[in-house]
Amino acid sequence: MSCKVLEELEEVIRRRIEERNPESYTYRLYSSGIPHIARKVGEEAVEAAVAAIAEGRERLAEEAADLLYHLLVLLNAAGLSLRDVCNVLEKRRK
Ligand SMILES: N=c1c2ncn([C@@H]3O[C@H](COP(=O)(O)OP(=O)(O)OP(=O)(O)O)[C@@H](O)[C@H]3O)c2ncn1[C@@H]1O[C@H](COP(=O)(O)O)[C@@H](O)[C@H]1O
């Protein structure tokens with residue numbers, strides 16, 4: 001499985017965190033710690049679920065993008081990468 005834009009986004013996230021630029025939302029989110037980032041992921045997941053039920057496909061795509069971005073920041077903060085997730089998915093493949 002490969003998704004170029006996700007891999008590129010993961011790289012941008014990694015760079016923003018390395019740069020420690022306080023103007024970067026990514027760096028500020030990362031600095032807030034895993035419990036806060038995890039809460040944001042939960043909120044974005046709920047927003048995506050609500051969009052799926054009541055707001056239409058376009059809103060769902062936007063909320064899913066927010067969710068994926070926040071999930072990538074959470075993975076980074078936890079010392080994991082998209083590759084680790086892909087490895088799990090590959091092992092599960094039937
Ligand atoms: N893909 C995203 C992305 N998706 C969502 N968001 C931000 O996530 C936030 C979510 O909005 P919310 O209303 O839930 O939260 P908020 O009130 O703004 O912020 P909180 O204080 O609640 O955390 C918004 O500020 C969005 O701008 C993102 N911010 C950054 N990126 C990517 O990350 C890259 C680096 O961004 P910077 O770190 O800002 O340079 C960018 O080039 C983009 O590619």
Side-chain angles (χ1 to χ4, degrees):
M1 188 187 85
S2 102
C3 178
K4 199 161 180 285
V5 75
L6 267 186
E7 287 166 11
E8 287 168 358
L9 178 57
E10 182 178 50
E11 185 51 36
V12 171
I13 288 168
R14 198 177 293 134
R15 277 208 306 275
R16 291 292 194 273
I17 292 168
E18 258 174 35
E19 289 162 2
R20 298 170 179 235
N21 179 350
E23 282 177 23
S24 158
Y25 176 80
T26 306
Y27 178 64
R28 281 186 274 118
L29 179 62
Y30 170 84
S31 301
S32 68
I34 287 182
H36 178 81
I37 309 168
R39 194 164 67 245
K40 289 296 294 181
V41 169
E43 285 172 15
E44 299 300 344
V46 169
E47 285 172 18
V50 169
I53 294 165
E55 294 172 0
R57 296 171 67 226
E58 201 174 318
R59 282 298 299 155
L60 173 56
E62 286 170 4
E63 296 297 351
D66 279 356
L67 176 58
L68 289 172
Y69 162 78
H70 284 83
L71 185 57
L72 285 177
V73 177
L74 180 62
L75 287 171
N76 182 299
L80 290 166
S81 68
L82 207 47
R83 184 69 253 162
D84 296 305
V85 178
C86 290
N87 288 344
V88 174
L89 289 172
E90 279 164 13
K91 275 192 211 146
R92 283 183 191 170
R93 196 155 50 181
K94 292 179 185 170

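Being a predicted model, the structure only gives us computed values, none of them experimental. Atom set for the values below is all heavy atoms of this structure, side chains included, hydrogens, waters and symmetry mates excluded. In each ligand, atom 1 is the first atom listed, and ligand 1 is the first ligand listed.
Distance check on atom 17 (O) of ligand 1: every protein heavy atom falls at or beyond the 4.0 Å cut-off. Per-atom contact check: atom 26 (C) of ligand 1 does not touch the protein, criterion being a heavy-atom distance below 4.0 Å. Shown here, atom 12 (P) of ligand 1 is in close reach of the protein: a heavy atom of it lies under 4.0 Å off. Protein non-hydrogen atoms do reach within 4.0 Å of atom 1 (N) of ligand 1. Counting protein heavy atoms under 4.0 angstrom from atom 32 (C) of ligand 1 gives one or more.
Contact between Arg16 and Thr26 at its shortest, heavy atoms only, is CB-CB, 4.0 Å.
Ligand 1 has His70 within reach: a non-hydrogen atom of the residue lies less than 4.0 Å from it. Taking 4.0 Å as the cut-off, Glu23 does not count as a neighbour of ligand 1 on heavy-atom distance.
Relative to atom 40 (O) of ligand 1, the option among Arg16, Glu43, Arg28 with the closest non-hydrogen atom is Arg16. Counting only non-hydrogen atoms, the option in Tyr25, Tyr27, Tyr69 that gets closest to atom 30 (C) of ligand 1 is Tyr69.
Counting non-hydrogen atoms of other residues, nucleotides and ligands closer than 6.0 Å to CD of Glu23 gives a total of 12 or fewer.
In terms of hydrophobic clustering, with Ile, Leu, Val, Met, Phe, Trp and Tyr side chains grouped at heavy-atom distances under 4.5 Å, Tyr25 and Ile13 are assigned to a common cluster. Residues Leu67 and Leu80 share a single hydrophobic cluster, defined by chaining ILVMFWY side chains whose heavy atoms lie under 4.5 Å apart. Leu72 and Val12 fall into different hydrophobic clusters, where Ile, Leu, Val, Met, Phe, Trp and Tyr side chains are chained together by heavy-atom contacts under 4.5 Å. Cluster annotation: Ile34 is connected to Val41 through the hydrophobic network of ILVMFWY side chains, with a link wherever side-chain heavy atoms come within less than 4.5 Å. Both Leu6 and Tyr30 belong to a common hydrophobic cluster when Ile, Leu, Val, Met, Phe, Trp and Tyr are linked at side-chain heavy-atom distances under 4.5 angstrom.
With ligand atoms numbered from 1 in the order given, ligand 1 contributes 4 (N), 5 (C) to contacts under 4.0 Å with heavy atoms of Asp66. Taking a cut-off of under 4.0 Å to the non-hydrogen atoms of Val12, the atoms of ligand 1 that pass are 34 (C), 35 (C). Distances below 4.0 Å separate heavy atoms of Ser24 from the following atoms of ligand 1: 37 (P), 38 (O), 40 (O). Distances below 4.0 Å separate heavy atoms of Thr26 from the following atoms of ligand 1: 33 (O), 35 (C), 36 (O), 37 (P), 38 (O). If you number the atoms of ligand 1 from 1 as listed, the ones under 4.0 Å from a heavy atom of Leu9 come out as 32 (C), 33 (O), 44 (O).
A salt bridge does not link Lys40 to Glu47: none of the charged nitrogens lies less than 4.0 Å from a carboxylate oxygen.
From Glu62, atom CD reaches atom CG of Asp66 across 8.0 Å, with rounding to the nearest 0.5 Å. Summarising the geometry, atom CZ belonging to Arg39 is positioned 6.5 Å from atom CD belonging to Glu43; distances are rounded to the nearest 0.5 Å.
Looking from atom 22 (O) of ligand 1 to the surrounding protein, the closest heavy atom is Lys40 NZ, 2.9 Å.
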